[in-house]
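Lettering follows sequence order; numbering is per chain, from 1.
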Protein chains: 2
Amino acid sequence: MMKGPNSYYISKYKLPLDEYFTFGLSVDCVIFGYQEGEIKVLLVQRSLEPFKDQWALIGDLVEPDQNLCDAANNVLERLTGLKNIYMKQFFAFGNVDRHPLDRVVTVGYFSLVNSLNYNPIASSWAKSAKWFNINDLPELAFDHCTILQKGIETLKNEVRHKPTGFELLPLKFTLLELQLLYEALLGCKFDKSNFRKKILEMNILKPLNETKENVSHRPAKLFKYDVERYKKLEEEGFSFQL
Amino acid sequence: MMKGPNSYYISKYKLPLDEYFTFGLSVDCVIFGYQEGEIKVLLVQRSLEPFKDQWALIGDLVEPDQNLCDAANNVLERLTGLKNIYMKQFFAFGNVDRHPLDRVVTVGYFSLVNSLNYNPIASSWAKSAKWFNINDLPELAFDHCTILQKGIETLKNEVRHKPTGFELLPLKFTLLELQLLYEALLGCKFDKSNFRKKILEMNILKPLNETKENVSHRPAKLFKYDVERYKKLEEEGFSFQL
DNA sequence: TGTACTTATAGTATTTTTAACTTTAAGCAT
DNA sequence: ATGCTTAAAGTTAAAAATACTATAAGTACA
């Protein structure tokens with residue numbers, strides 16, 4: 001691709017047209033996980049200036065011939081090796097001074113991963129990667145604190161109305177595990193019996209003929225989230241609500 | 001501001017660093033209004049190529065030293081003369097091919113205006129401006145159809161959970177007017193008595209000692225939306241729901 | 001083998017909310 | 001004064017949310 005500012009733009013602009021095509025564009029990913037009953041977010045420690053050694057969201061400049069969402073998926077894959085992960089754009093951050101040296105507008109994406117047993121790949125711009133509890137975060141580089149908070153807010157809002165939360169669980173899970181996840185996400189307690197009833201009545205869980213193993217008490221049935229069923233129900237007007 | 005790509009970027013990039021700073025950035029505004037019981041959107045007819053004579057959202061390139069939201073407010077003000085209007089960013093559109101000639105990433109904002117009695121200002125890039133029913137839209141330039149639909153979706157979603165809808169009404173309104181607005185927004189019917197009860201119990205409306213005039217039947221009381229009260233209630237955990 | 005313990009699962013009762021409908025009141029017009 | 005229209009308040013029945021109770025099914029250990 002070799003395009004440049006075109007002459008059809010009208011002459012009202014204050015600056016030469018070239019100067020309107022000087023924006024840098026980046027994506028930043030808030031990668032959520034779920035571990036030991038807590039919602040976590042994956043951060044990297046920068047190995048470069050500016051903000052060297054500080055924790056930051058993982059992100060990168062977008063290539064001139066790259067779609068925004070592809071850039072975001074790329075960043076995630078480079079760090080975690082994971083593909084085809086649930087991902088959602090939540091906000092564009094475009095204040096003039098958000099980047100100390102250049103004019104870079106960044107678009108925030110969040111993704112939800114369930115398998116935490118992979119190695120975050122250390123790369124040239126990051127010394128290390130680490131999961132942090134979303135209620136106990138370090139100081140962050142750039143305006144990443146703002147971005148992260150907005151991401152958390154969006155996630156918490158989304159999981160109420162859409163069955164997005166399941167992405168944080170392994171494929172097979174028990175009803176109690178699901179309940180604990182939602183308690184962590186929404187910061188509230190549910191009555192066990194009622195939660196069970198409510199979620200089962202939605203008919204979006206497929207019961208498996210398997211039970212949890214290696215537990216020292218009665219093992220619970222395992223369930224699977226049935227995306228197909230949900231989509232069908234959604235078309236018929238059903239709306240998820242917890 | 002005269003910044004340029006800085007040397008702290010690492011060398012993994014495929015292209016010379018300069019070429020990452022060639023993005024154009026624009027904002028596009030979906031301006032909603034409410035007239036004769038219908039939700040409207042303000043569109044302009046382009047007077048320039050590309051897409052000359054076609055209807056489009058109103059938008060513009062962002063200045064290199066301008067915040068995103070300021071750019072959006074500017075666009076609205078230039079077209080309508082209105083300041084301090086409710087405005088909300090809803091999505092960034094960044095596909096490579098969304099603009100036929102340049103790489104321009106655009107950020108969508110929507111705003112809600114109530115006073116429809118002003119003159120949309122014809123400008124150098126727009127022949128005319130016109131309100132369209134959101135259920136009866138013309139063909140649109142660029143990817144503005146996608147942008148507009150996403151804006152409508154976001155608005156419809158937002159008005160359920162936040163008292164944003166009031167922005168579409170005049171300062172003083174009757175309960176029936178409010179009901180009709182929400183019926184238009186959500187595409188459903190409410191029971192008059194129940195709607196009334198529900199909204200009044202929220203305690204976010206301030207009853208005025210005035211009534212609707214020039215009606216050939218019993219005039220209804222006028223109410224005002226009480227933002228302060230809502231904000232206080234919100235802090236206490238109240239959440240708007242219709 | 002059986003008893004204690006833990007969690008799963010099912011069921012019931014109570015309260016609260018939602019939804020549908022009815023009644024009365026208030027103003028305008030003739 | 002009568003009829004018409006809409007405002008505004010009240011009533012009732014159904015449904016949903018919530019709190020609570022009872023039973024079942026497995027493990028662990030004496």
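Residues from residues 235-242 of chain A that place a heavy atom under 4.0 Å from any atom of DNA chain D: there are none.
A donor-acceptor pair under 3.5 Å links the side-chain atoms of A:Asn133 to the main chain of A:Asn135, judged by distance alone. B:Arg229 contributes a side-chain N or O that, together with a main-chain N or O of B:Asn203, makes up a donor-acceptor pair within less than 3.5 Å. Here the side chain of B:Glu177 pairs a donor or acceptor atom with the backbone of B:Thr174 at under 3.5 angstrom. Judged by distance alone, with hydrogens and angles left aside, the side-chain atoms of B:Ser128 form no donor-acceptor pair with the main-chain N or O of B:Gln45 at under 3.5 Å.
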Atom pairs and distances, donor-acceptor, side-chain atoms in residues 139-152 of chain A, under 3.5 Å, two or more places apart:
unit_1: A:Asp143; atom_1: OD1; unit_2: A:Arg98; atom_2: NE; d: 3.3
unit_1: A:Asp143; atom_1: OD1; unit_2: A:Arg98; atom_2: NH2; d: 2.9
unit_1: A:Asp143; atom_1: OD2; unit_2: A:Arg98; atom_2: NE; d: 2.8
unit_1: A:His144; atom_1: ND1; unit_2: A:Leu57; atom_2: N; d: 2.9

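Take A:Gln241 and apply the side-chain contact (heavy atoms from CB on, under 4.5 Å) test, not counting sequence neighbours, and it matches A:His161, B:Gln241. In this structure, the side-chain contact (heavy atoms from CB on, under 4.5 Å) partners of A:Glu236, at least two apart in sequence or on a different chain, are A:Lys232, A:Leu233. Annotation: side chain to side chain donor-acceptor pair (under 3.5 Å) contacts of B:Asn157 (sequence neighbours excluded): none. With sequence neighbours excluded, the residues satisfying side-chain contact (heavy atoms from CB on, under 4.5 Å) with B:Arg160 are B:Leu186. Among residues two or more places apart in sequence or in another chain, the salt bridge (charged side-chain N to carboxylate O under 4.0 Å, His left out) test is passed with B:Glu183 by B:Lys189.
A:Lys212 places its NZ atom 18 Å from the C1' atom of D:dA25, with the value rounded to the nearest Å. Taking atom CG of residue A:Asn214 and atom C1' of nucleotide D:dT27, one finds them 12 Å apart after rounding to whole Å. Between A:Phe190 atom CZ and D:dC20 atom C1' the separation is 18 Å, expressed in whole Å.
Annotation: ring pair (Phe, Tyr, Trp, His ring centres under 6.0 Å) contacts involving residues 181-206 of chain B, sequence neighbours excluded, comprise B:Phe190-B:Phe195. Applying the ring pair (Phe, Tyr, Trp, His ring centres under 6.0 Å) definition to pairs two or more places apart or across chains, those involving residues 212-242 of chain B are B:Phe166-B:Tyr225.
Along DNA chain C, the stretch of nucleotides lying under 4.0 Å from any heavy atom of chain B spans, 5' to 3', C:dA19 to C:dC28.
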Legend entry - Under 4.0 Å protein heavy-atom contacts per nucleotide of nucleotides 2-11 of chain D, with B for base, S for backbone only and - for none: ---BBBSBBB
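The nearest pair of heavy atoms linking B:Leu185 to B:Lys156 is O-CE, 3.5 Å.
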Legend entry - DNA chain D base-pair string [pairs: Watson-Crick or G-U under 3.5 Å; |: paired with another strand]: ||||||||||||||||||||||||||||||
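Map A:Val215 and A:Glu201 each onto its nearest nucleotide of DNA chain D; the residue landing nearer the 5' end is A:Glu201.
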